[in-house]
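Start at 1 with the first residue, then count along the sequence. Model, not experiment: these values are computed from the prediction.
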Amino acid sequence: LVSCADDGVPDGMKNVAPENAMFLLYVPESWVSQSEGGVVGAVSPMAEGCNVNATTYMLDEMMDVPTYWAEKCMPEYEATFTDLVLDDSLCVESTLGGVNARTYVFNASLGGNAYRFRQVIAVLDNMVYTLTYTAPVEHYDTYAAEVDSICANFVFR
């Protein structure tokens, strides 16, 4: 369990989402806020290339998460990454900010570098919210527990 300070911020964490975001993204205090171009996130305190970000996407037509994954995410990822391999055993139903979600875990290469990704995707009203953890394969487990906490403390406004 994570306790909250008087201002609602979980102990040892900080919100890196801007005031106008439709969510609160709490990350460990040691992580460095990094947001640009509509992507809200933070990078790990060490220079291993690990980061977490949250993005939103307005749907043109309503769809559930598995359909969004199959029709929007996979075609884009297959065009961007090489060696994409989905870890089916870790692709499970989950929650994000108390909303039903689905978690997808996969490995892929970009520019000759191998990465492991965890995406938690939720649809709320006509918006898709995606929380993504990206890490070089060899550093993925380093922050897995912190990413669990980031996911558990995600809040919709």
Side-chain angles (χ1 to χ4, degrees), residues 1-5 7-45 49-77 80-81 84-108 115-135 139-157:
L1 294 174
V2 176
S3 62
C4 292
D7 59 2
V9 177
D11 287 341
M13 300 184 97
K14 63 184 177 185
N15 176 33
V16 295
E19 281 187 33
N20 64 344
M22 297 167 23
F23 55 84
L24 302 173
L25 179 61
Y26 294 111
V27 300
E29 289 177 348
S30 62
W31 286 51
V32 178
S33 176
Q34 183 178 27
S35 300
E36 64 179 68
V39 177
V40 175
V43 296
S44 63
C50 303
N51 66 78
V52 170
N53 66 62
T55 58
T56 58
Y57 175 78
M58 183 178 290
L59 293 169
D60 295 331
E61 60 184 83
M62 286 305 298
M63 62 180 68
D64 61 12
V65 173
T67 303
Y68 175 76
W69 174 262
E71 293 182 8
K72 302 289 186 182
C73 297
M74 282 304 289
E76 181 178 327
Y77 297 160
T80 303
F81 300 117
L84 190 144
V85 177
L86 200 60
D87 189 337
D88 291 322
S89 68
L90 297 176
C91 298
V92 297
E93 299 299 317
S94 57
T95 61
L96 184 64
V99 172
N100 289 337
R102 185 156 176 85
T103 298
Y104 295 90
V105 178
F106 59 97
N107 288 12
Y115 295 96
R116 187 157 177 88
F117 300 84
R118 181 194 325 176
Q119 291 194 311
V120 183
I121 304 172
V123 174
L124 180 61
D125 298 323
N126 66 332
M127 296 294 292
V128 175
Y129 296 84
T130 304
L131 182 67
T132 304
Y133 170 48
T134 305
H139 294 294
Y140 181 86
D141 291 335
T142 304
Y143 298 102
E146 290 182 7
V147 173
D148 289 344
S149 182
I150 292 168
C151 291
N153 286 290
F154 186 92
V155 175
F156 289 104
R157 290 187 191 202

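- A donor-acceptor contact shorter than 3.5 Å is absent between the side chain of R157 and the backbone of N20.
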Worked check of side chain to side chain contact (heavy atoms under 4.5 Å, CB included) between I121 and V128: CA-CA 7 Å; I121 304 172; V128 175; 3.6 Å; yes
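- Aromatic ring orientation, Y133 versus Y140: tilted (interplanar angle from 30° to 60°).
- For the pair M22 and F156, the minimum side-chain heavy-atom distance is 4.5 Å or more.
- Formation of a donor-acceptor pair under 3.5 Å by the D125 side chain with backbone atoms of M127 is not found in this model.
- Taken from OG1 in T134 to CD in Q119, the straight-line distance is 7.5 Å, to the nearest 0.5 Å.
- To the nearest 0.5 Å, atoms CD (E19) and CG (L24) are separated by 11.0 Å.
- Considering only heavy atoms from C-beta on, R116 comes within 4.5 Å of V105 through its side chain.
- Aromatic ring centres of Y104 and Y77 lie farther apart than the 6.0 Å criterion allows.
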Start with the C-alpha distance between V40 and F23, add both sets of side-chain angles, then the distance that settles side chain to side chain contact (heavy atoms under 4.5 Å, CB included), and finish with yes or no. CA-CA 10 Å; V40 175; F23 55 84; 4.2 Å; yes
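- Using a 4.5 Å cut-off on side-chain heavy atoms (C-beta onward), N100 and E93 make no contact.
- Between Y115 and F117, the ring planes lie tilted relative to each other; the angle falls in the 30° to 60° range.
- Residues in residues 50-61 take part in no side chain to side chain donor-acceptor pair (under 3.5 Å) pair, two or more places apart or across chains.
- Side-chain contact between F106 and D87 is absent, with no heavy atoms from C-beta onward closer than 4.5 Å.
- Annotation: salt bridge (charged side-chain N to carboxylate O under 4.0 Å, His left out) contacts of D64 (sequence neighbours excluded): none.
- Nearest heavy-atom pair, Y26 versus G8, reported as atom, atom and distance to 0.1 Å: OH-O, 3.8 Å.
- Remark: T80 pairs with E76, L110 by the side chain to side chain contact (heavy atoms under 4.5 Å, CB included) rule, at least two apart or across chains.
- Expressed to the nearest 0.5 Å, how far CG of L25 lies from CG of N15 amounts to 7.0 Å.
- Around CE of M62, the count of heavy atoms belonging to other residues, nucleotides or ligands within 6.0 Å exceeds 12.
- Side-chain contact check for W31 and E146: at least one donor-acceptor pair (N or O, by modelled atom type) lies under 3.5 Å.
- With hydrogens and angles ignored, the 3.5 Å screen pairs a side-chain donor or acceptor of R102 with a backbone N or O of C91.
- Nearest approach of G41 to V16, heavy atoms of both residues: O-CG2, 3.8 Å.
- The minimum heavy-atom distance linking R118 with C151 is given by the pair NH1-SG, 4.3 Å.
- Closest heavy-atom contact between P45 and S30: CB-O, 3.4 Å.
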Determine, stepwise, if the pair I150 / Y143 fulfils side chain to side chain contact (heavy atoms under 4.5 Å, CB included). CA-CA 10 Å; I150 292 168; Y143 298 102; over 6 Å; no
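- Here the closest heavy-atom approach between residue A101 and residue L96 is recorded as CB-N, 3.9 Å.
- Across every non-hydrogen atom of M13 and P28, the tightest pair is CE-N, 4.1 Å.
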Could you please spell out the steps behind the side chain to side chain contact (heavy atoms under 4.5 Å, CB included) verdict for V147 and L131? CA-CA 10 Å; V147 173; L131 182 67; 6.0 Å; no
